[in-house]
Amino acid sequence: MRDVRVVLIGGTSNTGKSTVAEAVAERLGFEHRSTDGLARHPGRPWRTPEREVPPHVAEHYGTLTTDELVASVLAHYERLWPRIEELITDRAEDGAPGLVLEGSALWPERVARLTAPRTAAVWLTADDTVVRDRVRAAGCYEQASEGERLLMDRFLARTVRYQALMADAAEARGLDRIGVGGRTVAELADAVLAAADRQERSGR
């Protein structure tokens, strides 16, 4: 993988994108960034030791249906795409520092239309049960109140639906997907780099 300067890692929430991207970036000596750092959609609707759930986030997940939640996040990513595309294009230039960019905002249809050279892209997918278990563990579901569980369940429904749509879009365009089930971070990083190498050799 001599010439690839930008590696894109897409996927829904809680598939391990950030962890895998960090490992890939470390191996390549590239910078690691997340699309969330450009503009974040309403965050995850559960408390952590550092933060309470903001009222607007609770309202977002508490009042919208799954279809509305998916439509909302897709619209957010559409608005964000010009900034993402500009970042990718800049980093694909000769002499620019390498970049591993990860995020749910890397929608397959838009990535497939990129004309930036030296760019490779993969999407991580996980079984619905894996996503559910990770969301519930992060939100301490068993100790949460009924209202807190409702918000987590709404977030999970949106996350699972989004992944199904994303996977269908990637498959329709012949884009690389990597299942995370049963693999270590090192193995997933190997798989991402192998996919990037194949894409480079095939001229994709």
Side-chain angles (χ1 to χ4, degrees), residues 1-41 73-74 76-127 130-131 162-204:
M1 205 182 84
R2 298 188 307 273
D3 296 329
V4 171
R5 302 304 300 161
V6 180
V7 178
L8 307 176
I9 302 177
T12 197
S13 300
N14 293 276
T15 53
K17 299 183 302 298
S18 296
T19 304
V20 174
E22 186 175 350
V24 172
E26 184 176 352
R27 291 196 194 182
L28 295 174
F30 287 5
E31 181 186 1
H32 163 217
R33 293 185 64 176
S34 170
T35 59
D36 284 346
L38 300 175
R40 191 174 181 85
H41 195 251
V73 77
L74 285 172
H76 170 70
Y77 292 155
E78 183 175 7
R79 292 190 297 271
L80 184 58
W81 181 250
R83 296 176 63 188
I84 296 172
E85 186 173 21
E86 181 180 14
L87 175 61
I88 294 168
T89 301
D90 288 348
R91 289 301 188 92
E93 294 288 340
D94 287 330
L99 175 68
V100 179
L101 180 66
E102 54 87 6
S104 300
L106 297 171
W107 188 250
E109 291 175 350
R110 297 188 184 100
V111 172
R113 293 197 297 265
L114 283 170
T115 58
R118 295 179 287 278
T119 301
V122 300
W123 282 262
L124 302 185
T125 58
D127 289 343
V130 171
V131 175
Y162 185 88
Q163 175 169 255
L165 294 170
M166 181 208 69
D168 287 346
E171 183 173 355
R173 286 153 187 80
L175 303 174
D176 284 307
R177 290 188 293 144
I178 298 171
V180 304
R183 298 193 191 187
T184 66
V185 172
E187 289 169 340
L188 289 168
D190 286 340
V192 170
L193 290 169
D197 185 60
R198 287 195 303 271
Q199 290 174 33
E200 181 182 26
R201 285 187 279 107
S202 67
R204 278 206 287 167

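Throughout, residue positions are numbered sequentially from 1 according to the sequence presented.
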Asker: Indicate the atoms forming the closest heavy-atom contact of Ala105 with Leu80, along with that distance.
Answerer: CB-CD2, 4.2 Å
Asker: Please report the C-alpha distance between Glu93 and Arg5 in whole Å, then the side-chain angles of each, then the deciding distance to 0.1 Å, and finally whether the side chain to side chain contact (heavy atoms under 4.5 Å, CB included) criterion is met.
Answerer: CA-CA 8 Å; Glu93 294 288 340; Arg5 302 304 300 161; over 6 Å; no
Asker: Heavy-atom distance under 4.5 Å between the side chains of Met166 and Ser104, does that happen here?
Answerer: no
Asker: Take Asp94 and Arg118 through the test side chain to side chain contact (heavy atoms under 4.5 Å, CB included) and record every step on the way to the result.
Answerer: CA-CA 9 Å; Asp94 287 330; Arg118 295 179 287 278; 3.1 Å; yes
Asker: Just to verify, which of Val100, Ile88, Leu99 counts as forming a side chain to side chain contact (heavy atoms under 4.5 Å, CB included) with Leu8?
Answerer: Ile88
Asker: With the side chain counted from C-beta on, respond yes when Thr35 and Trp81 share a heavy-atom pair under 4.5 Å apart, and no when they do not.
Answerer: no
Asker: Distance check, rounded to the nearest 0.5 Å: Glu171 atom CD versus Asp176 atom CG?
Answerer: 12.0 Å
Asker: Please answer whether the main-chain N or O of Pro117 pairs with a side-chain N or O of Thr119 as donor and acceptor at a distance below 3.5 Å.
Answerer: yes
Asker: Can you tell me if Glu102 and Ser18 form a side-chain donor-acceptor pair at under 3.5 Å?
Answerer: yes
Asker: Can you sort out the partners of Ala170 under side chain to side chain contact (heavy atoms under 4.5 Å, CB included), two or more places apart, ordered by chain and number?
Answerer: Pro108, Leu175, Arg177
Asker: Hey, could you give me each pair passing salt bridge (Lys or Arg N to Asp or Glu O under 4.0 Å) that has a residue in residues 182-192? Not counting sequence neighbours.
Answerer: Arg27-Asp190
Asker: Are Thr12 and Trp123 close enough that some pair of their side-chain heavy atoms sits under 4.5 Å apart?
Answerer: no
Asker: Counting only heavy atoms not in Glu26 (residues, nucleotides, ligands), do more than 12 fall under 6.0 Å from its CD?
Answerer: no
Asker: Does any part of the side chain of Gln199, heavy atoms only, come nearer than 4.5 Å to the side chain of Val122, both counted from C-beta?
Answerer: yes
Asker: How many angstroms lie between CG in Leu188 and OG1 in Thr19, if you round to the nearest 0.5 Å?
Answerer: 10.0 Å
Asker: In Å, rounded to the nearest 0.5 Å, how long is the span from CD of Glu78 to CD of Glu109?
Answerer: 10.5 Å
Asker: Quick one: does Leu106's side chain get under 4.5 Å of Ile9's, heavy atoms only?
Answerer: no
Asker: Would you name the heavy atoms of Arg33 and Leu38 that are closest together and state the gap between them?
Answerer: NH2-CD2, 3.6 Å
Asker: Answer whether the closest heavy-atom distance between the side chains of Val20 and Ile178 falls below 4.5 Å.
Answerer: no
Asker: Taking Ala169's backbone N and O only, do any of them form a donor-acceptor pair with Arg173's side chain (distance below 3.5 Å, no angle check)?
Answerer: yes
Asker: Within the 4.5 Å heavy-atom criterion, are Tyr162 and Leu74 side-chain neighbours or not?
Answerer: yes
Asker: Which atom pair, heavy atoms only, marks the closest approach of Val131 to Ala126?
Answerer: CG2-CB, 3.9 Å
Asker: Can you check whether Ala120's main-chain N or O pairs, donor with acceptor, with Glu200's side chain at less than 3.5 Å?
Answerer: no
Asker: Under a 4.5 Å cut-off applied to non-hydrogen side-chain atoms, are Leu101 and Ile84 in contact?
Answerer: yes
Asker: Mind listing the closest non-hydrogen atom pair of Arg83 and Ala39 along with its distance?
Answerer: NH1-CB, 3.9 Å
Asker: Heavy atoms only: give me the nearest Ala23-Val185 pair and the separation to one decimal.
Answerer: CB-CG1, 3.8 Å
